[in-house]
Amino acid sequence: MKQQFDLVFEGGGAKGIIFVGALKVLLEQGHSYRRLIGTSAGAITATLCAAGYSPDAMLACINERTADGRPVFSTFMDKPTAEDFSDLDINGSLTIRAFNAVNLFGLQRYVIRGLLHNGLYTRLFSFVERGGFYSGRTFLAWMQDRLAAKGYDREITLEALFNETQNDLSLVATNVGLREMLVLNHRTTPNLPVARAVRMSMSIPFVWEEVIWDAAWQYRLFDGTVKNIANTRIIDGGVLSNFPMELIAEHNSELVQQTMGDLTAEFVDAALNLGLLIDEDLPVADQPEAGQGELPILTELPTLKRVHNLAETMMSARNNRVIDQYQAEICRLPAKGYGTLEFGMEGKRLDDFIKAGYEAMTTHLQARGLTCTR
């Protein structure tokens with residue numbers, strides 16, 4: 001019997017590529033989706049689904065190449081440039097404060113400007129002042145291009161995308177200043193551009209620059225409250241909820257009632273829950289179970305290595321209570337030996353990963369008695 005699902009995609013950086021294989025078998029079996037919820041890499045997949053991308057089209061995106069032959073995903077680790085930082089950024093920086101304590105004969109700003117043409121220093125400056133080594137500019141442009149390729153405006157808002165597709169998309173982000181979880185959808189943030197919502201959700205702390213909330217975006221709750229979060233810093237949703245299964249499974253929580261819309265029994269019962277969980281304990285067939293090869297984004301700089309380890313730890317942390325409670329509704333996707341920041345995977349390693357997602361979803365649907373004969 002064909003079913004409609006509310007889908008939840010876990011965060012996992014580059015490991016989110018495995019969702020393509022899982023979605024492929026789900027749709028091949030004739031099933032469909034209603035609500036799409038995602039964090040970080042899961043936000044990317046959920047958004048592509050909402051915009052009308054098929055699994056094969058997503059795979060084509062993953063296999064995109066730059067002019068020099070690199071996987072396009074590897075360009076997401078984009079270094080900031082000197083032009084990214086205005087005089088206002090420099091004048092308000094910790095670096096200028098430190099330099100002001102040294103007699104540089106009034107040349108502080110010129111020294112910093114010179115240093116910003118050094119790639120390593122630029123990343124350090126960005127890390128200190130904006131909370132991440134990489135700008136995220138390339139990813140934002142890529143996401144806007146994917147929307148434009150489907151005929152949408154590059155700055156289409158969450159409300160406009162819902163009105164055009166009727167696909168209910170929710171992305172999870174974290175407000176650092178208020179230390180709270182944000183659920184971004186056409187109800188809570190109708191004015192927020194979709195691509196920028198994804199950029200917020202995938203901002204792994206200390207890896208990508210934080211996003212500053214624009215007052216024009218607003219943040220509304222179901223009771224009509226508009227929260228003032230202008231100029232606060234937004235980072236990856238995985239900091240507070242890397243696998244937001246609670247948004248479709250726990251209808252009595254205040255967060256769900258304020259952000260997820262219709263919760264009548266008739267609406268809730270019209271779709272099944274399905275969580276797509278990236279499981280780092282499950283091996284991928286024909287792939288090593290330890291390590292993920294040398295990552296080109298890392299240098300010998302110890303801080304970069306610490307950031308990589310932090311990203312791996314954060315993306316592995318999740319709400320075990322929710323997983324234990326709803327495990328029958330969760331498909332576990334193998335990812336042992338694959339890295340959160342391994343955006344350059346290709347060839348057999350990539351093919352085996354996507355195949356593992358396909359096989360895991362096949363097994364999950366069989367276990368739930370949801371395999372259709374066509």
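Note that the structure is a prediction, hence the values are computed from the model and not measured.
- For the residue pair Ser54/Asp56, the side-chain donor-acceptor check at 3.5 Å is not satisfied.
- In this structure, the side chain of Thr39 does not engage the main chain of Glu10 through any donor-acceptor pair within 3.5 Å.
- Closest heavy-atom contact between Asn191 and Thr157: O-CG2, 3.6 Å.
- If you check the side chains of Ser135 and Asp78, you find a donor sitting under 3.5 Å from an acceptor.
- Remark: side-chain polar atoms of Ser201 are paired, donor with acceptor, to backbone N or O of Val172 under 3.5 angstrom.
- Taking hydrophobic clusters as Ile, Leu, Val, Met, Phe, Trp and Tyr residues chained together by side-chain heavy-atom distances below 4.5 Å, Leu178 shares a cluster with Leu221.
- A cation-pi arrangement, defined by a distance under 6.0 Å to the six-membered ring centre and an angle within 45 degrees of its axis, is absent between Arg35 and Phe267.
- Between the side chain of Asp236 and the backbone N or O of Pro205 there is no donor-acceptor pair closer than 3.5 Å.
- The backbone N or O of Gln3 sits less than 3.5 Å from a side-chain atom of His31, completing a donor-acceptor pair.
- Across all non-hydrogen atoms, the minimal contact from Gly13 to Ser40 is N-OG, 4.5 Å.
- One finds the CG atom of Asn63 at 5.5 Å from the CG atom of Leu350 (value rounded to the nearest 0.5 Å).
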From CA spacing to verdict: salt bridge (Lys or Arg N to Asp or Glu O under 4.0 Å), Asp87, Arg113:
CA-CA 9 Å; Asp87 286 342; Arg113 276 290 178 202; 3.3 Å; yes
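- A distance-only check finds no donor-acceptor pair linking the side chain of Tyr53 to the backbone of Cys61 [under 3.5 Å].
- Neither Leu184 nor Phe162 shares a network with the other; the hydrophobic side chains, linked directly or stepwise wherever heavy atoms of I, L, V, M, F, W or Y lie under 4.5 Å apart, form separate groups for each.
- Atom CZ of Phe222 has 12 or fewer heavy atoms from other residues, nucleotides or ligands within 6.0 Å.
- Salt bridge Arg137/Asp84: present, at least one basic N to carboxylate O contact under 4.0 Å.
- At distances below 3.5 Å, at least one donor-acceptor pair connects side-chain atoms of Thr75 with backbone N or O atoms of Val72.
- Here the side chains of Met361 and Gln29 are not in contact, with every heavy-atom distance at 4.5 Å or above.
- Counting only heavy atoms from C-beta outward, the side chains of Glu250 and Leu255 never approach each other to under 4.5 Å.
- For the pair Arg130 and Asp89, the salt-bridge criterion is met [side-chain N within less than 4.0 Å of a carboxylate O].
- In this structure the side chain of Ile248 never reaches within 4.5 angstrom of the side chain of Glu329, judged on heavy atoms.
- For the residue pair Ser241 / Glu246, a side-chain donor-acceptor distance below 3.5 Å is found, with atom types taken as modelled.
- Rounding to the nearest 0.5 Å gives a distance of 4.5 Å between CG of Leu169 and OG1 of Thr47.
- Smallest separation of non-hydrogen atoms from Leu171 and Ala197: CD1-CB, 3.8 Å.
- Both Met345 and Ile62 belong to a single network of hydrophobic side chains, linked directly or stepwise wherever heavy atoms of I, L, V, M, F, W or Y lie under 4.5 Å apart.
- Under the rule for a ring pair (Phe, Tyr, Trp, His ring centres under 6.0 Å), the partners of Phe353 that lie at least two apart in sequence or sit in another chain are Tyr338.
- Criterion: ILVMFWY side-chain heavy atoms under 4.5 Å apart, direct or through other members. Under it, Met143 and Tyr152 are part of a common hydrophobic cluster.
- The shortest non-hydrogen separation linking Met200 to Ala173 is CB-CB, 4.3 Å.
- Remark: side-chain polar atoms of Arg368 are not paired, donor with acceptor, to backbone N or O of His364 under 3.5 angstrom.
- Counting only heavy atoms from C-beta outward, the side chains of Leu274 and Leu26 approach each other to under 4.5 Å.
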Please evaluate residues Lys79 and Thr122 with respect to the criterion side-chain contact (heavy atoms from CB on, under 4.5 Å), reporting the C-alpha separation (whole Å), side-chain torsions for both, the decisive distance (0.1 Å), and the verdict.
CA-CA 8 Å; Lys79 300 175 185 177; Thr122 307; over 6 Å; no
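- With hydrogens and angles disregarded, a donor-acceptor distance shorter than 3.5 Å links the side chain of Thr188 to the backbone of Val183.
- Between Asp168 and Arg187 there is a salt bridge, with a side-chain nitrogen of the basic residue lying less than 4.0 Å from a carboxylate oxygen of the acidic one.
- Within the 6.0 Å centre-distance limit, the rings of Phe127 and Phe206 are counted as a close aromatic pair.
- Annotation: side chain of Asp281 is not in contact with side chain of Arg332 (no heavy-atom distance under 4.5 Å).
- Proximity of Thr340 to Val207: side-chain heavy atoms (C-beta onward) are nowhere separated by under 4.5 Å.
- Counting only distance, with no hydrogens or angles, the side chain of Gln144 and the backbone of Glu155 share no donor-acceptor pair below 3.5 Å.
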Would you please test Lys150 and Glu164 for salt bridge (Lys or Arg N to Asp or Glu O under 4.0 Å) and show each step?
CA-CA 12 Å; Lys150 285 294 183 180; Glu164 292 194 34; over 6 Å; no
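- In this structure, Tyr219 and Thr189 approach most closely via the heavy-atom pair CD1-CG2, 3.4 Å.
- The neighbour count for Gln166 CD, taken as heavy atoms of other residues, nucleotides or ligands under 6.0 Å away, is above 12.
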Side-chain donor-acceptor distances from residues 209-216 under 3.5 Å, at least two apart:
| residue | atom | partner | partner atom | Å |
| --- | --- | --- | --- | --- |
| Glu209 | OE2 | Ser126 | OG | 2.8 |
| Glu210 | OE1 | Arg233 | NH1 | 2.8 |
| Asp214 | OD1 | Ala216 | N | 2.8 |

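- Side-chain heavy atoms closer than 4.5 Å link hydrophobic residues (I, L, V, M, F, W, Y) into clusters, and following such links, possibly through other members, connects Leu48 to Ile156.
- The aromatic rings of Phe139 and Phe76 stand perpendicular to each other, their planes meeting at an angle above 60°, with 30° marking the opposite boundary.
- Within the 4.5 Å cutoff, the side chain of Ile204 has heavy atoms near those of the Leu341 side chain.
- Side-chain N or O atoms of Asn91 include none that pairs as donor or acceptor with a backbone N or O of Leu88 at under 3.5 Å.
- With a 6.0 Å radius and a threshold of 12 heavy atoms from other residues, nucleotides or ligands, Arg97 has its CZ atom at or below the threshold.
- In the displayed structure, Asn252 atom CG is contacted under 6.0 Å by at most 12 heavy atoms of other residues, nucleotides or ligands.
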Lys336 and Asp279: salt bridge (Lys or Arg N to Asp or Glu O under 4.0 Å), yes or no, with the steps?
CA-CA 7 Å; Lys336 192 169 186 176; Asp279 194 328; over 6 Å; no
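- Interatomic distance, Met260 CE to His251 NE2, rounded to the nearest 0.5 Å: 9.0 Å.
- Taking the six-membered ring for Trp and thresholds of 30 and 60 degrees, Phe19 and Phe9 have ring planes more than 60 degrees apart, a perpendicular arrangement.
- Closest approach of Ala356 and Val284 over heavy atoms only: CB-CG1, 4.0 Å.
- For the atom pair Met202 CE and Ile235 CD1, the distance stands at 13.0 Å (nearest 0.5 Å).
- Counting non-hydrogen atoms of other residues, nucleotides and ligands closer than 6.0 Å to CD of Glu254 gives a total of 12 or fewer.
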Show the numbers, then the answer: is there a side-chain contact (heavy atoms from CB on, under 4.5 Å) between Arg146 and Arg154?
CA-CA 8 Å; Arg146 301 288 70 73; Arg154 292 169 60 83; over 6 Å; no
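- Side-chain contact check for Trp217 versus Ile229: every heavy-atom pair is 4.5 Å or farther apart.
- Going from atom CG of Leu161 over to atom CG of Leu147 covers 7.0 Å, rounded to the nearest 0.5 Å.
- Atom SG in Cys49 sits 7.5 Å away from atom CG in Leu27 (nearest 0.5 Å).
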